[in-house]
Amino acid sequence: MPTITLPAPADFVLHRDVCSYGYFLLAPNHWDPATRTFSRILDLDAGPVRVAITQPGGKGSALRIATSRPLAAVEKHAARAQVSRMLRLDEDRDHARRFHSLDPRFKKLGRFRLFRSPTLFEDIIKTVTSCNVTWTSTILMNRRLCECFGRGGAFPTARRLARTAPALLRGRCSVGYRDQRIVELARLFATSRSTLAARLEDPSIPDADIRETLLELPGIGPYAAANIMQLLGRYSHLPLDTESVRHGKTVLGYSGSPRQIMKRVHEHFAPMGDQAFRSYWFELWEFYEKKHGPSWTWQRDSTGKMFTAAQLSK
DNA sequence: GGTAGACCTGGACGC
DNA sequence: GCGTCCAGGTCTACC
């Protein structure tokens with residue numbers, strides 16, 4: 001099998017940094033706990049390719065990317081770029097230092113990277129499919145999106161979804177009333193990619209302006225906007241949802257209405273400033289891992305389907 | 001600015 | 001196997 005290599009930052013640990021956010025459990029992503037291999041289909045210009053990523057040399061060593069077919073030089077470049085985005089290889093020691101100086105609890109484990117998708121569009125659609133549904137439905141929607149509309153099992157591109165009838169999307173992928181919103185989002189990214197995506201990924205634009213832009217998009221409310229912001233590497237806002245309320249009650253000991261608890265959770269993490277989300281998230285993640293063991297041991301079809309609090313309470 | 005109700009689906013539950 | 005209820009953010013209408 002053809003392979004390419006990708007240098008990793010000195011503190012990078014594949015199993016820890018892949019299994020750091022729920023999206024590693026969503027199609028087309030696949031994590032094999034037994035071999036500690038991350039695999040998925042990437043959609044490259046010349047066609048889809050399956051990649052299987054390992055880190056044979058352990059912490060800080062280069063990543064080995066096995067590909068299902070030989071790649072031309074330009075494709076290797078594109079594959080490396082997509083993998084780098086997914087694994088946040090651009091976040092280096094300075095990011096870790098900044099976060100761990102504010103919240104030293106996670107320094108020993110070295111946690112600060114959060115897994116994301118190879119493209120911003122996939123991150124946004126994954127966020128939309130996680131709104132107002134249980135986690136098992138999110139899993140199902142993403143699987144069907146890849147099966148029905150992705151080239152060779154890849155996540156569908158904006159261009160593909162932009163020319164999909166909403167009713168077809170609903171019928172095949174069980175996305176419900178999100179059908180129209182997903183198609184509208186796809187059209188925005190397919191037709192104005194150069195402006196919208198570039199704006200959202202422009203680090204020189206202040207958080208408040210990015211948030212405002214996100215809130216104008218169909219299907220994106222306060223929760224989704226904050227989540228997309230962390231996926232963009234902006235950690236100042238908290239995506240507060242029912243999980244946050246559960247966390248506020250059970251871990252932080254708050255009581256009151258969901259609204260009151262959310263407000264207190266927000267205030268609790270406010271001192272972390274631009275690192276608030278990382279502090280919040282890894283505290284939440286630690287809670288899940290106490291219940292189910294390290295996230296890199298979770299089986300996609302068992303633990304991976306029921307790690308959230310709603311399932312835990314049953 | 002705050003709030004009630006509709007939007008869909010899968011899963012749990014009772015019969 | 002069927003019907004009912006519930007969980008889950010966003011959006012719109014209304015106060």
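Note that the coordinates shown come from a computational prediction; the quantities given were computed from them, not determined experimentally.
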### Query
So, is A/T242 near the phosphate of C/dA7, with a side-chain N or O under 4.0 Å from OP1 or OP2?
no
### Task
Report the nucleotide, chosen from C/dG8, B/dT9, C/dT10, that has the shortest atom-to-atom distance to any side-chain atom of A/N132.
C/dG8
### Query
Base, sugar-phosphate, or nothing: which does A/R143 touch, judged by heavy atoms less than 4.0 Å apart?
nothing
### Message
Of the listed nucleotides (B/dT3, C/dT10, B/dG10), which one gets closest to any side-chain atom of A/R144?
### Response
B/dG10
#### Entry: Any donor-acceptor N/O pair under 3.5 Å between C/dG8 base and A/Y223 side chain
no
### Query
Rounded to whole angstrom units, what separation is found between the OH atom of A/Y177 and the P atom of C/dC11?
9 Å
### Query
Roughly how many Å is it from CD1 in A/I182 to C1' in C/dC11, rounded to a whole number?
16 Å
### Query
A/V133 side chain: which of B/dG10, C/dG9, C/dG8 is closest?
C/dG8
### Integer-rounded Å distance: C/dT10 P and A/D179 CG
17 Å
### Message
Closest approach to the side chain of A/S174, judged atom by atom: which nucleotide of C/dT10, B/dT9, B/dT3 is it?
### Response
B/dT9
### Query
Just how far, in rounded Å, is C1' of C/dG9 from CG of A/L238?
16 Å
### Task
Would you please classify the geometry between the A/Y280 ring and the A/H247 ring as parallel, tilted or perpendicular, with 30° and 60° separating the classes?
perpendicular
### Message
Expressed as a whole number of angstroms, how long is the span from A/L169:CG to B/dC7:P?
### Response
19 Å
### Query
On DNA chain B, nearest-nucleotide positions of A/R259 versus A/V175: which is more 5'?
A/R259
### Task
Please confirm whether A/R278 makes a cation-pi placement over A/Y235, using NZ or CZ under 6.0 Å from the six-membered ring centre and within 45° of the ring normal.
yes
### Query
When the ring planes of A/F277 and A/W281 are compared, do they come out parallel, tilted or perpendicular, using 30° and 60° as the limits?
parallel
### Query
Under 4.0 Å between a side-chain N or O of A/R178 and OP1 or OP2 of B/dC7?
no
### Task
Round to the nearest Å and state the distance from A/M141 atom CE to C/dG9 atom P.
12 Å
### Task
Look at the aromatic rings of A/F99 and A/F106 and report parallel, tilted or perpendicular, splitting at 30° and 60°.
parallel
### Message
In this structure, how many angstroms lie between the C1' atom of B/dC8 and the CZ atom of A/R172, rounded?
### Response
20 Å
### Task
For A/L217, report the nucleic acid contact type (base, sugar-phosphate, nothing); a contact means any heavy atom under 4.0 Å.
sugar-phosphate
## Note on the structure
Looking only at C/dC11, B/dT9, C/dA7, the nucleotide nearest the A/R170 side chain is B/dT9
### Task
Specify the separation, in whole Å, of atom NZ of A/K263 and atom P of B/dG2.
11 Å
### Carboxylate-amine/guanidinium proximity below 4.0 Å for A/E75 and A/R69
yes
